[in-house]
2 protein chains.
Amino acid sequence: MARTAGSHSALTAPRIREAAQALFAQHGYAAVSMRQIAAEVGVQVGALYNYTSDKQSLLFDLMSSHLDDLLSARAEDQTEADPVQALEQFTRFHIRFHARRPDAVFIAYMELRNLTPENFATIEAMRRRYEDGLSAILRDGQAQGAFRIQDARVATMAIIAMLTGVNTWFRKTGRLSLSEVEEIYWGMIRRLVVA
Amino acid sequence: MARTAGSHSALTAPRIREAAQALFAQHGYAAVSMRQIAAEVGVQVGALYNYTSDKQSLLFDLMSSHLDDLLSARAEDQTEADPVQALEQFTRFHIRFHARRPDAVFIAYMELRNLTPENFATIEAMRRRYEDGLSAILRDGQAQGAFRIQDARVATMAIIAMLTGVNTWFRKTGRLSLSEVEEIYWGMIRRLVVA
DNA sequence: CCTTGATCTGAACGACTGTTCAGTTACAAC
DNA sequence: GTTGTAACTGAACAGTCGTTCAGATCAAGG
């Protein structure tokens, strides 16, 4: 046996990414073997190495492309200049974006310690850029007197933790729809910071 | 060689727990081998099995005793009946308790997926009991008109996520002391729910 | 139709995994 | 001082790990 019928890199490459993402999210990077990923794709282990140099790159690529998506999607989404409206836009964006890709989000938060130091630094910088976007809104509103915030950096961490926490309990089939969740969280965050 | 000088189960048992806790927190359960734990304790692998039936039990014991500590410490701490004061007490308790044992907290949140289904159910029930304590305070305050909350269950998740998030950024050597952090968070949570 | 390159298999590499256990030594009680 | 047992070593077990690569097969272009 060798090359199989219908095989094509344009098909196999995304299937490997999807399999790795699903398995990493479910069992954790360290607990998933290359052979499990290959089996999920329907291929032998060796074939994976036509698409990734090693297991670590597979993880890093998943995380960095997730954060790329996050940063560019947010750059495109953010249109409001008024701090209050900008904060509402951020809140709704964050909830919607993260609810749509739970596996990628989960990996980006859980597998940081399995990155090599260089890869970790890269990912951490991207995450920091995203957080800084929220900090900027909060400081803006603070300067304009629209927000009443004791400590902008702490408020940033609190709001992000609160919003990202949605992914731990939200289920599409649950009691609340995603837009109801959006409403409730925007209500809470407004009370938290708006003067 | 066999039994080593000065060896005693009362000494070795806690050293194994501490080594496992530190290593699991740093590298993750799946990425840590029994041989690494043994090396940290200064013992051969086989000796570990005088203290634990298997690796899974080691993880489960760490997690369940952490949650036992959490539940009993909180039961002892909670004295206030007034909803606003009870919520303040909860806020300060949560921050203090979690800041003191970052490794145990980290493991309890990150390694849930590495538990067997039975062990997972046990741990999840304990965590749920803790959350229910906060929910009870919120519903109490809602019933008495002291709190203005749109959805008590969502508010519970939001507050817990916000508070537990402190562990991801707080450092003893950082800009803020723990009691300053307590103050800031209680300020935010008060605004979030108090009518 | 043939050739070239893309794609995958099958097998192998050495290293590491969790777990068991017979044998050895130190300690505690008498 | 002897004895019983608590505590540990050292070696072994059968698997699994990530990674490499020669060789086989398919797809596509001339």
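Order of the sequence lines fixes the chain letters, A, B, ..., with proteins taken first and strands second; residue numbering starts at 1 for each chain.
If you check D:dG10, D:dA7, C:dT19 against the side chain of B:Y49, the one that comes closest is C:dT19. Nearest to the side-chain atoms of B:D54 among the listed nucleotides C:dT19, D:dT19, D:dG10 stands C:dT19.
The nearest whole Å value for the distance from the CG atom in B:N50 to the C1' atom in C:dT20 is 12 Å. Straight-line distance from the CD1 atom of A:I37 to the C1' atom of D:dT19: 13 Å, rounded to whole Å. One atom, CG of B:L48, and another, C1' of D:dT9, lie 12 Å apart when rounded to the nearest Å. Going from atom CD1 of B:I16 over to atom P of D:dC8 covers 7 Å, rounded to whole Å. To the nearest angstrom, P of C:dT19 lies 9 Å from CD of B:Q56. Distance, B:L11 CG to D:dC8 P: 9 Å, rounded to whole Å. Computed from coordinates, the A:L58 CG to D:dG18 P distance equals 11 Å when rounded to whole Å. We find that CG of A:L23 is positioned 12 Å from P of D:dG18, with the value rounded to whole Å.
Looking at heavy atoms from C-beta onward, A:Y51 lies out of side-chain contact with A:R17 at the 4.5 angstrom threshold. Residues A:R113 and B:M110 have side chains in contact (heavy-atom distance under 4.5 Å, counting atoms from C-beta outward). Looking only at side-chain heavy atoms (C-beta outward), A:Q142 and A:R139 come within less than 4.5 Å of each other. At least one side-chain heavy atom of B:L70 sits less than 4.5 Å from a side-chain heavy atom of B:H98.
A:R101 forms a cation-pi arrangement with A:F97, by the criterion of a distance under 6.0 Å to the ring centre and an angle within 45° of the ring axis.
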Can you name the atoms? Protein N/O to nucleotides 3-5 of chain D N/O, anything below 3.5 Å, with the distance.
none

Restricting both atoms to N or O, compile the protein contacts to nucleotides 15-17 of chain D shorter than 3.5 Å, with distance only.
{"from": "D:dC17", "atom 1": "OP1", "to": "A:S33", "atom 2": "OG", "distance (Å)": "3.2"}

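The two residues A:D54 and A:Y49 have their closest heavy-atom pair at CA-CE2, 4.1 Å.
The aromatic rings of B:Y29 and B:F24 sit perpendicular, their planes meeting at an angle over 60°, well past the 30° parallel limit.
Within 4.0 Å (heavy atoms only), B:V45 reaches at least one base atom of the nucleic acid.
Between B:Y130 and B:H94, the ring center distance clears the sub-6.0 Å criterion.
For the residue pair B:T156/B:S135, the side-chain donor-acceptor check at 3.5 Å is satisfied.
Where B:T4 and B:Y29 each meet DNA chain C at their nearest nucleotide, the meeting point lying more 5' is that of B:Y29.
In this structure, B:S9 reaches the D:dA7 phosphate: one of its side-chain N or O atoms is under 4.0 Å from OP1 or OP2.
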